[in-house]
Amino acid sequence: MNERLDAIRQEILDGIKEKANSRATAFELRKQFLDSKTGKIGQLMKEMKTIAPEDRASFGKGVNELKEWALEKFTELDEKMKTLELDLRYKSEKIDVTMPAKEICTGNLHPITQMRNQLIDVFAGMGFEIYEGTEIENDYYNFTALNTPADHPARDMQDTFYLSPEFLLRTQTSAGQIHVMEAKKPPIKILSPGKVFRSDDDATHSPMFTQMEGLVVDEKITLCDLKGMLDVFVKKIYGEDTTTRLRPSYFPFTEPSVEVDVSCFECGGKGCKLCKGTGWIEILGAGIVNKKVLENCGIDSDRYSGLAFGIGIERTAMLKYGINNIKLLFESDIRVLKQIDDN
Ligand code: PHE
């Protein structure tokens, strides 16, 4: 009998040595011996009945001792496995705080959005409110109300994408001027950013580009107000040392009309490649709102006058960031875009 008990004892020791390598396997092993129904030691207890009565006492004692011993062994084993598993976890989850951190790549806003935001900041600081018009306009708002009736030669200045005889993709954010003046009476001070479309495509022109329209209508608005505002704008965008000059120009919806130059921020006005030796760079069109346009919107042109300007956002950004081809702004090449982080 004792041999059987010894054999089980040996089997347990071997099992512990060879099979147990985790808490789960140790538990399985324990069940093989100590499970009250199926375990080998449990089975021995059931054999009690078949043992000769005189041997029963010593058999019972032997089995109990084995059971006690096994219990102790398996408790010890479980503790050992617990420590082992914890050690493994500590090792696998160890954090080396001296390791350099993984680089996190954050994106930045598109240069056109950056420039748009900067312009909005500058003009919002002067009290302008934002009006966003629609990209599809009808002929009246884009041209006729802006003193450019059908057959007017100035229509040729902007090669238009017509959607139908009546509807078109707006060629200028100036269309928004009419909507605003129809909806609101002076004083008016709005800034209108948005996409515009013209059939035009070369290194500095794209069929879709972005403009920022400014419109101020109030009593006694003059070209001086225009120049003052544009001076603030160029100083904020191109540097404190820059200034503007106005040259006569023509737009049907402004009278007088001006082309606005900024003093060259590259050479300070001495003349360089950027300003083509002139010391000045053309940046936008502007003027005093044509009386006819005010009247088209039901505004008393004897009492009120207005100023308007149209800034090309791509052009402003290209000049500021030294971009020589407008396509670079539309190709979404990360290598180019990530170089321009100006906010
Ligand atoms: N709408 C004109 C253009 O796109 C620019 C402009 C706006 C001129 C407002 C004068 C006043 O060319």
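What's counted below: heavy atoms across the whole structure, side chains too, no hydrogens, waters or symmetry copies. In this chain, residues are counted from 1 in sequence order. Source: prediction; values computed, not measured. For ligands, and for the atoms within them, numbers begin at 1 and follow the listed sequence.
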Please tell me whether H152 and F143 form a close aromatic pair, meaning their ring centres lie under 6.0 Å apart.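 When the ring centroids of H152 and F143 are compared, they turn out to be at least 6.0 Å apart.
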
Determine whether the aromatic ring centres of residues F123 and F309 are separated by less than 6.0 angstrom.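 Yes; F123 has its ring centre under 6.0 Å from that of F309.
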
Would you mind listing which atoms of ligand 1 come within a distance below 4.0 Å of any non-hydrogen atom of [X]?
{"X": "S174", "answer": "1 (N), 7 (C)"}
{"X": "G285", "answer": "6 (C), 8 (C), 10 (C)"}
{"X": "A308", "answer": "9 (C), 11 (C)"}

Using a plain distance cutoff, I'd like to know if Q211 has any nitrogen or oxygen under 3.5 Å from a nitrogen or oxygen of ligand 1.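 Between Q211 and ligand 1, an N or O pair is found under 3.5 Å apart.
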
Under 4.0 Å, heavy atoms only, figure out whether ligand 1 is touched by the backbone of [X], its side chain, both or neither.
{"X": "A286", "value": "backbone"}
{"X": "Q158", "value": "side chain"}
{"X": "F253", "value": "side chain"}

In the protein, what heavy atom is nearest to atom 7 (C) of ligand 1, and what distance, to one decimal place, separates them?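 Answer for atom 7 (C) of ligand 1: G310 N, 3.3 Å.
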
Can T38 and D35 be counted as having a side-chain donor-acceptor contact under 3.5 angstrom?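 Yes - a donor-acceptor pair under 3.5 Å links their side chains.
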
Establish, from distance only, whether the side-chain atoms of E68 and N64 form a donor-acceptor pair under 3.5 Å.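 No, no side-chain donor-acceptor pair sits under 3.5 Å.
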
Any idea which of Q177, R198, E213 brings a heavy atom closest to atom 12 (O) of ligand 1?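 Going through Q177, R198, E213 one by one, R198 has the nearest heavy atom to atom 12 (O) of ligand 1.
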
Salt bridge or not between E295 and K292? Use side-chain N to carboxylate O under 4.0 Å.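 No salt bridge links E295 with K292.
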
For residues L77 and A26, report the shortest heavy-atom separation together with the two atoms involved.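 The pair with the smallest heavy-atom distance is CD2-CB, 3.5 Å.
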
Working to the nearest 0.5 angstrom, can you tell me the gap between T171 OG1 and Q158 CD?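 Taking OG1 in T171 and CD in Q158, the distance rounds to 3.5 Å.
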
